[in-house]
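Worth knowing before you read on, the calculation uses all heavy atoms, side chains too, and leaves out hydrogens, waters and symmetry mates. Labels below follow one simple rule: chain letters A, B, ... track the order of the sequence lines, proteins then strands, and each chain is numbered from 1.
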Amino acid sequence: MKEKYYFQEVEKKWQARWDSMDLYAVPDISNRPKYYCLEMFPYPSGKLHMGHVRNYSIGDVVARFKTMEGYNVLHPMGWDAFGLPAENAAIKHGGIHPADWTVDNIDNMREQLKQLGISYDWNREIATCHPGYYRWTQWLFLQLYHNGLAYKKYAAVNWCPDCATVLANEQVKDGGCERCKTPVEKRELAQWFFKITDYAERLLKDLDLLEGWPDKVKIMQEHWIGRSEGTEIDFKIDGMDESITVYTTRPDTIFGVTYMVLAPEHPLVEKLVAGTGREAEIKEFVRKVQNLSEIDRTSTEVEKVGLPTGAYCINPITGEKVPVLIGNYVLLEYGTGCVMGVAAHDQRDFEFARKYNFPVRVVIQPPGLELDPATMEAAYEEEGILVNSGQFNGLANTEAIKAITSYLEQKGWGRFRVNFRLRDWLISRQRYWGAPIPIVYCEKCGTVPVPESDLPVLLPREVEFKPAGQSPLAECPDFVNTVCPICGGPAKRETDTMDTFMCSSWYYYRYASPREKSGPWDKAKVDNWLPVDQYIGGVEHAILHLLYSRFFTKVLHDLKLVSVQEPFSNLLTQGMVLKDGAKMSKSKGNVISPEDIVARYGADTARLFILFAAPPERDLEWNDQGVEGCFRFLNRVWRLVALLAEELKSLPANAPRAKLVGANREMRRVTHHTIKKVTEDIGARFNFNTAVSAIMELVNALYQYKELPGTDRDQDVMREAIDVLLILLAPFAPHITEEIWEATGHKGSIHSQPWPVFDPQAIEEEEITIVVQINGKVRERLLVPARHNAGELQGLALKDLKVQQLIEGKKIIKVIPVPGKLVNIVVKSS
RNA sequence: GCGGGCGUGGCGGAAUGGCAGACGCGCUGGACUUAGGAUCCAGUGAGGGCGACCUCGUGCGGGUUCAACUCCCGCCGCCCGCACCA
């Protein structure tokens with residue numbers, strides 16, 4: 001063994017050797033229990049960033065640990081390879097085709113992952129842009145289509161002018177494009193949607209099945225789905241054979257309705273104003289509202305503005321005529337696109353009514369208070385008793401909600417309804433680098449799905465990548481013009497491609513049988529491997545990818561294509577990697593490149609630091625000196641063993657004798673205590689930072705132990721401690737441990753070793769220090785036999801000379817002995 | 001506005017209600033050395049005392065408890081998600 005740790009040499013050597021022996025290949029069939037460890041696959045942007053390093057280092061520790069614990073671990077990697085950056089690179093730099101750009105990037109990033117020493121089974125590598133993959137993405141689209149879950153509709157959709165494509169609701173953040181932050185615009189377009197709303201109820205309910213998910217993510221999905229219970233009420237329009245249906249969660253306030261507000265785009269608006277002479281005014285108002293950006297449109301800061309349509313509707317329950325307005329604050333997409341104005345009991349309505357002088361009518365009285373409409377300064381939204389509400393007077397409002405709804409139902413004027421905030425998933429994209437939607441439009445036969453036997457619909461290679469309002473595929477006649485699969489007549493292909501989230505909604509199934517040609521996967525293999533036991537990735541996917549994947553799984557389950565109800569049993573959302581308190585970004589100039597770190601300190605150091613610096617869910621502050629510290633630690637491990645290498649080599653690995661005393665017994669105790677601690681920290685809590693610190697403590701203890709004269713040291717204890725140290729450290733720092741493992745005379749890879757089990761007897765201490773407190777303050781420490789019970793402890797504490805001095809002349813109220821910990825004596829000055 | 005998280009030394013962070021600050025960084029001192037920015041050893045929350053020790057200390061204010069970083073109530077600050085959702 002060399003005296004010095006040459007990390008480049010060591011890491012290169014073992015990466016090559018693992019590769020050539022295919023150490024991380026995993027068989028589908030094994031007598032070990034299965035464990036599926038998955039990290040979110042990356043977009044092949046060209047280079048790994050620190051977030052990737054963190055994500056994959058965490059996953060690798062879990063995978064290696066579970067393997068050593070005896071599981072057959074599936075740990076695959078692939079590429080979310082369709083997407084805009086490839087196309088933008090082609091536009092910007094010209095000359096380079098998105099396909100080539102992507103393949104180059106994949107090659108580069110695969111190399112980087114190998115340099116990090118992550119234990120992937122590369123035989124299972126997949127790329128979503130490969131025709132062998134997207135063929136099945138298209139096939140899955142067809143399954144949804146045939147089951148009525150994919151449909152095309154004309155709708156106002158989110159348009160990102162910079163990306164020149166539409167976006168799903170989930171991809172709009174703060175009114176801007178999730179990717180480039182450009183404010184989104186509304187455009188009326190015919191687009192393909194998936195009916196995720198059909199699954200809203202199940203997606204919500206089954207969150208309960210996900211015990212291994214962080215509450216935070218579940219709550220975010222719950223809010224996104226946004227279930228509410230309420231009542232639909234029909235208001236006849238005065239003098240017309242039409243009615244307005246309103247959705248409200250507060251039917252108990254129906255007697256307080258003094259006006260009605262429609263969304264500007266509500267389909268009834270045109271009819272209502274026809275012939276009133278206000279058409280121009282209304283049109284102008286609607287135009288103005290629609291021209292607002294999404295940000296301004298939905299800002300709560302913007303003043304609420306309304307405009308009367310001139311029409312009136314009839315409150316079915318009171319028969320009263322109320323004016324119908326349009327208002328900028330009413331959203332067409334939610335509920336029925338219309339709101340009943342109850343000024344006394346809704347703050348927004350209250351402000352609106354005060355501004356436009358609509359009456360404020362109190363119909364809910366708070367207990368023990370009398371609301372006066374004339375002097376009210378805010379709406380009363382809490383619970384109370386109904387007043388001014390005809391036959392419902394005197395009911396508690398929670399009761400009235402039920403009573404009024406069933407009354408309306410009886411009369412046929414309304415109905416109970418569950419409403420969701422979740423909208424259908426818009427999957428069309430007006431871009432080239434994605435999976436083509438397998439649909440053909442025939443003049444005679446209409447919309448025709450491409451037959452499964454004709455898949456894949458291949459992306460043509462030669463296209464113009466200029467950004468435009470439509471997909472570059474539309475400019476490619478060879479692609480567009482085709483024949484109708486039904487009638488054989490001329491037909492045109494759909495030119496939009498699919499949202500890349502569609503590709504990533506099923507990739508975790510593909511890994512089970514990555515080269516399957518007869519279907520998207522081999523069901524037996526999927527049934528064997530799924531669900532994913534541990535999924536690891538950034539919290540930014542809390543809604544997007546994770547909700548879509550859950551949706552896909554439920555659809556696939558219903559189609560009997562998979563057996564699981566949920567794809568990911570346990571989810572770990574890792575925090576960001578920060579530098580100087582901010583997210584790393586080119587514009588801030590605070591980017592630390594993994595390449596540089598690996599070149600300077602090696603992969604083992606990089607991995608160790610990133611796992612040691614913070615617990616995985618928390619944000620991690622990058623610190624160059626901290627990295628240095630981890631490098632020093634690995635050097636310390638190397639030197640420790642290098643000094644003892646010859647000695648160790650000649651020793652057989654015997655289990656130490658059980659009967660040890662003094663320093664030898666203590667060394668063995670520390671060794672086994674470390675096994676216990678590290679096993680729990682990795683296995684039960686994912687607290688890699690404290691696992692590493694426990695290993696550091698073991699090393700510190702070994703340095704002390706090494707200083708003893710050779711004759712005082714028990715060789716078996718030493719050997720065991722070193723072996724345990726290497727094995728515990730192996731999932732974190734796979735290269736250096738493998739090298740030392742070999743150098744100390746072991747055969748076979750350290751990564752194939754069984755995880756050690758601690759000996760409960762070894763960690764028992766004979767004597768421990770307990771604390772004596774007086775009134776909760778530590779006043780004395782006593783070395784006592786570890787087995788002492790409460791009574792014995794109490795006796796010793798009260799007999800102690802110092803304690804006696806301190807409590808002299810005081811009255812003992814109470815003594816609380818806690819075996820193994822302390823004795824607390826409660827006294828009072830007499 | 002609603003929901004979630006966080007707040008502990010100079011810094012990153014540890015602590016099943018039971019000795020606050022493990023481990024690492026940084027800093028100070030010492031050893032080794034031609035040299036040390038390598039390595040090894042020791043110290044390192046604040047204040048006081050020559051010292052054994054004493055007082056204070058986990059964002060702020062209350063409470064529960066023999067005992068609170070930890071549990072409860074009320075604030076303050078920062079971060080994240082959703083946001084006119086009827």
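Across B:G24 and B:G45, the matching P atoms stand 15 Å from one another, rounded to whole Å. Comparing B:G43 with B:C50, their P atoms sit 22 Å apart, to the nearest whole Å. Comparing the same atom, P, in B:G47 and in B:A31 gives a spacing of 27 Å after rounding to whole Å. For B:C56 and B:G1, the C1' atoms lie 41 Å apart once the distance is rounded to whole Å. Only the C1' atoms considered, B:G48 is 45 Å distant from B:U34, to the nearest whole Å. Spacing of C1' atoms, B:A15 relative to B:A20, comes out at 7 Å, to the nearest Å. The separation of B:C27 from B:A38, taken at their P atoms, amounts to 10 Å, rounded to a whole angstrom. Atom C1' of B:C2 sits at a distance of 39 Å from the matching atom of B:A22, rounded to the whole Å.
With rounding to whole Å, A:Lys218 atom NZ is found 19 Å from B:C82 atom C1'. Separating the CD atom of A:Glu697 from the P atom of B:G21 is a distance of 13 Å, rounded to the nearest angstrom. Protein atom CD of A:Glu351 is 11 Å distant from nucleotide atom C1' of B:G1, rounded to whole Å. Remark: C1' of B:A83 and CG of A:Leu422 are 16 Å apart, rounded to the nearest angstrom. Atoms CD1 (A:Ile816) and P (B:A67) sit 8 Å apart, rounded to a whole Å. One interatomic measurement links the two molecules: CD of A:Glu170 to P of B:C82, which rounds to 11 Å at whole-angstrom precision. Atom P of nucleotide B:G13 and atom CZ of A:Phe633 are separated by 20 Å, given to the nearest angstrom. Atom CD in A:Glu222 sits about 15 Å away from atom P in B:C82, given to the nearest Å.
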Notebook entry, point to check: Are A:Asp800 and A:Leu796 close enough, and set up right, to give a side-chain contact (heavy atoms from CB on, under 4.5 Å), and what steps lead you there?
Noted result: CA-CA 6 Å; A:Asp800 182 77; A:Leu796 278 178; over 6 Å; no
Using a cutoff of under 3.5 Å, can you pull out all pairs of nitrogen or oxygen atoms linking the protein to nucleotides 42-49 of chain B, with atom names and distances?
none

Which atoms of nucleotides 84-86 of chain B (N or O only) lie under 3.5 Å from a protein N or O atom, and what are those distances?
from: B:C84; atom 1: OP2; to: A:Thr298; atom 2: O; distance (Å): 2.8
from: B:C84; atom 1: O3'; to: A:Arg348; atom 2: NH1; distance (Å): 2.5
from: B:C84; atom 1: O2'; to: A:Tyr329; atom 2: O; distance (Å): 3.2
from: B:C84; atom 1: O2'; to: A:Arg348; atom 2: NH1; distance (Å): 3.4
from: B:C84; atom 1: O2; to: A:Lys304; atom 2: NZ; distance (Å): 2.5
from: B:C85; atom 1: OP1; to: A:Arg348; atom 2: NE; distance (Å): 3.3
from: B:C85; atom 1: OP1; to: A:Arg348; atom 2: NH1; distance (Å): 2.2
from: B:C85; atom 1: OP1; to: A:Arg348; atom 2: NH2; distance (Å): 3.1
from: B:C85; atom 1: O5'; to: A:Arg348; atom 2: NH1; distance (Å): 3.3
from: B:A86; atom 1: OP2; to: A:Tyr334; atom 2: OH; distance (Å): 2.5
from: B:A86; atom 1: O3'; to: A:Tyr247; atom 2: O; distance (Å): 3.4
from: B:A86; atom 1: O3'; to: A:Thr248; atom 2: OG1; distance (Å): 2.9
from: B:A86; atom 1: O3'; to: A:Thr249; atom 2: N; distance (Å): 2.6
from: B:A86; atom 1: N6; to: A:Leu331; atom 2: N; distance (Å): 3.1
from: B:A86; atom 1: N6; to: A:Leu331; atom 2: O; distance (Å): 2.6
from: B:A86; atom 1: N1; to: A:Leu331; atom 2: N; distance (Å): 3.3

Distances under 3.5 Å only, N/O to N/O: pair up the protein atoms with those of nucleotides 53-55 of chain B.
from: B:U55; atom 1: OP1; to: A:Arg779; atom 2: NH2; distance (Å): 3.3

Just the atom pairs and distances: protein N or O near nucleotides 10-12 of chain B's N or O, under 3.5 Å.
from: B:G12; atom 1: O2'; to: A:Ala613; atom 2: O; distance (Å): 2.7

Dump the pairs, protein N or O against N or O of nucleotides 2-6 of chain B, anything under 3.5 Å, distances to one decimal.
from: B:G3; atom 1: O2'; to: A:His223; atom 2: NE2; distance (Å): 3.3

All N/O contacts under 3.5 Å from nucleotides 34-39 of chain B to the protein, with atom names and distances to one decimal?
from: B:U39; atom 1: O3'; to: A:Arg639; atom 2: NH2; distance (Å): 3.0

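Using a 4.0 Å heavy-atom distance criterion, A:Asn775 is classed as making no nucleic acid contact. Nucleic acid contact for A:Val826: sugar-phosphate only, since backbone atoms but no base atoms lie under 4.0 Å from a heavy atom of the residue.
Side-chain proximity of A:Gln773 to B:C19, B:C23, B:G81: nearest is B:C19. Distances were taken from every side-chain heavy atom of A:Asn687 (C-beta onward) to each of B:C66, B:C23, B:A15; the shortest belongs to B:A15.
In summary, A:Arg354 and A:Glu377 do not engage in a salt bridge, as defined by a charged side-chain N under 4.0 Å from a carboxylate O. One finds no salt bridge joining A:Glu222 and A:Lys218 here, because no Lys/Arg side-chain nitrogen approaches an Asp/Glu carboxylate oxygen to under 4.0 Å.
Residue-to-nucleotide proximity on RNA chain B shows that, of A:Ile543 and A:Gly776, the 5′-proximal contact is made by A:Gly776.
Cation-pi contact between A:Arg636 and A:Tyr703: present, with separation from the ring centre below 6.0 Å and deviation from the ring axis of at most 45°. For the pair A:Arg417 and A:Tyr247, the cation sits on the ring face: its NZ or CZ lies under 6.0 Å from the ring centre, inside 45° of the axis.
Of the nucleotides present, B:G30 is the one that pairs with B:C40 by Watson-Crick or G-U wobble criteria, both distances under 3.5 Å.
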